[in-house]
2 protein chains.
Amino acid sequence: MLSRTYAIAQPEQAAVRRLGSLARLTETDLRKIADAAADARYFPARTEIVREGAEPARPTLLLRGWVAHQRILPDGRRQIVGFTLAGELFGRSWSCQDCALTSQVALDNVGLCTAPEAEPGSGLSLAYEKERLAHRLQLIDNVTRLGRMDARERVCDLLLELLERLQRSGEAEGNTFAMPLTQECFADALGLTPVHLNRTLQACRRSGDLSWRGGRVTLHDPAALARNLGRKRNRLQLP
Amino acid sequence: MLSRTYAIAQPEQAAVRRLGSLARLTETDLRKIADAAADARYFPARTEIVREGAEPARPTLLLRGWVAHQRILPDGRRQIVGFTLAGELFGRSWSCQDCALTSQVALDNVGLCTAPEAEPGSGLSLAYEKERLAHRLQLIDNVTRLGRMDARERVCDLLLELLERLQRSGEAEGNTFAMPLTQECFADALGLTPVHLNRTLQACRRSGDLSWRGGRVTLHDPAALARNLGRKRNRLQLP
DNA sequence: CGCAAACTTGATATCTTTCAACGCGGGTGG
DNA sequence: CCACCCGCGTTGAAAGATATCAAGTTTGCG
């Protein structure tokens, strides 16, 4: 019973794993994270946490669930620009940022808290820098994906990215992870139609690249996929 | 004669205009920029200034010309992820960045210099922050463009972005600007085939949206285009 | 003048979207 | 407990957008 209570009382687990994998955290850093996480707020799926153009998202640590960053075009088309997964940061603002560049919506039941201040030079501060860099890398990968890959490549490439990130924060089991996204959301991230995504997924399943059933995704040979797609491991030279 | 010499001796003009439009620069800031620009290096078109994965690009001020940031897929497909225009910064590295995330190639005859250090709190420092933010906004816009716009919209949206940026650094004349890009490059930035881009451009010309002849582009009604595309002005709330 | 790079054109193949319908499963109210 | 309903996934057929291939044609420049 005690151990169970203990587990429930550690909402910051994913964040600690993720940030700890980016830099060596001190006891002070860990305490700051735990303190911040004690103030967690929770939102149900589909909540719009921040609206594009409204006042800025403060730097936020996502404790559980997934958040999508999206744009809506005047005629209603939606593009999901990127995701934040449990343990990652989002809304890290710049000194001059007056409004959010994208809307941020919960894809899941999410829990989040204000990201603790990092002292200059601390491990936490370094982890934050690496998060920023990783985020930039994800944007660049996304541009390449949408600009020059066909549907099948886009699906594999994004799933591969998600797997790598989830492995880093301890949220994957081997090459399998929980996929809270609806096919429609996934299509909006890949610049595809839900119908076409569905057919593409079936093709991927038939060719043995992946399975996706009941909210769980498995990539059968991530290394081979990464090689074919030109996805370099450790572009960030992370520890 | 003197005035002509003076003009030639000011390679930092575009940079001063651009950075000065982002924040109020002091005499000290201006002197730093001029000093840095005195050490300019020049490269001919097609030079690869930094190769992806090689050692980091140092923060660099582009004095003249255009630079493309690109990725090459294993089979040779190319995606141009973004551009740096005269007066803008690129290669601004993070403390932990060990290698460039994209290759950077000169599209033009370019001139560049090391970006001067900005003292914390200075106008120059603020301008750098805004540059960073603008760069991030451009990436997000690019994702939306590639993911959810058709060929015609992509063309107009990117040209609109370029026009806005060139106006800010004083490199446009009204709604007209010099376009050093080949149609093939432009296609690689838009995720299109050169052939299809060509046909799309013709459609845009016929419908009166733009003209592009002899390296000069004119947008005939930028405001209307921006409205149709849902492009908000001043997302950055710049002065 | 002549070459090479860039731009243009036409015909055809491939990929992706659109529209409309059907099935399945989980929740909910009667 | 069952019937209904709704969200989500799946399917088919046809239309639309984009890519490919293979010529021309123009342009700029030595």
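Letters A, B, ... mirror the listed sequences (proteins, then strands); counts begin at 1.
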Please determine, for the side chain of [X], which listed nucleotide ([options]) has the closest atom?
X: B/Val195; options: D/dG9, D/dA22, D/dT11; value: D/dA22
X: B/His196; options: C/dT8, C/dT16, D/dT18; value: D/dT18
X: B/Asn198; options: D/dA19, C/dT8, D/dC8; value: C/dT8

[X] near the nucleic acid: base, sugar-phosphate alone, or nothing, with a heavy-atom cut-off under 4.0 Å?
X: A/Gly214; result: nothing
X: A/Thr182; result: sugar-phosphate
X: B/Arg46; result: sugar-phosphate
X: A/Gly215; result: nothing

Going by heavy atoms in the side chains, are B/Val155 and B/Leu201 under 4.5 Å from each other? yes
Hey, does B/Ser103 have a side-chain heavy atom less than 4.5 Å from the side chain of B/Ile72? no
B/Arg77 has an atom CZ; how far is it from atom C1' of D/dT20, in whole Å? 14 Å
CZ of A/Arg148 versus P of D/dT18: gap in Å, rounded? 13 Å
Starting at CZ of A/Arg145, measure out to CG of A/Asp150 and round the result to the nearest 0.5 Å. 13.0 Å
What's the separation between atom SG in A/Cys204 and atom CG in A/Leu219, rounded to the nearest 0.5 Å? 9.5 Å
Which side-chain N or O atoms in residues 170-183 of chain B pair as donor and acceptor under 3.5 Å with protein atoms at least two apart or in another chain?
residue	atom	partner	partner atom	Å
B/Thr176	OG1	B/Thr218	OG1	2.8
B/Gln183	OE1	B/Asn198	ND2	3.0

Among B/Val105, B/Val67, B/Thr47, which residue meets the side-chain contact (heavy atoms from CB on, under 4.5 Å) test with B/Val110? B/Val67
Result block: side-chain N/O donor-acceptor pairs under 3.5 angstrom for residues 74-91 of chain B, not counting sequence neighbours:
residue	atom	partner	partner atom	Å
B/Asp75	OD1	B/Arg77	N	3.2
B/Asp75	OD1	B/Arg77	NE	3.1
B/Asp75	OD2	B/Arg77	NE	3.0
B/Asp75	OD2	B/Arg77	NH2	3.3
B/Arg77	NH1	A/Arg148	O	2.8
B/Arg77	NH1	A/Glu153	OE1	3.0
B/Arg77	NH2	A/Glu153	OE2	2.7
B/Arg78	NE	B/Asp188	OD2	2.7
B/Arg78	NH1	B/Gln70	OE1	3.0
B/Arg78	NH2	B/Asp188	OD2	2.9
B/Gln79	NE2	B/Asp188	O	3.2
B/Gln79	NE2	B/Ala189	O	3.2
B/Thr84	OG1	B/His69	NE2	2.7
B/Glu88	OE1	B/Leu85	N	3.0
B/Glu88	OE1	B/Arg165	NH2	2.6
B/Glu88	OE2	B/Arg18	NH1	3.4
B/Glu88	OE2	B/Arg165	NE	3.0

Give me the bend of the helix from C/dC1-D/dG30 to C/dG30-D/dC1, using the axes of the five pairs at each end, rounded to 10°. 30°
Whether A/Arg205 contacts D/dT10 is assessed here as follows: a side-chain N or O lying under 4.0 Å from the phosphate OP1 or OP2. Is that the case? yes
Could you tell me whether the phosphate oxygens of D/dT10, OP1 or OP2, come under 4.0 Å of any side-chain nitrogen or oxygen in A/Gln183? yes
Any N or O donor-acceptor pair linking the side chain of B/Arg199 to the base of C/dG10 at under 3.5 Å? yes
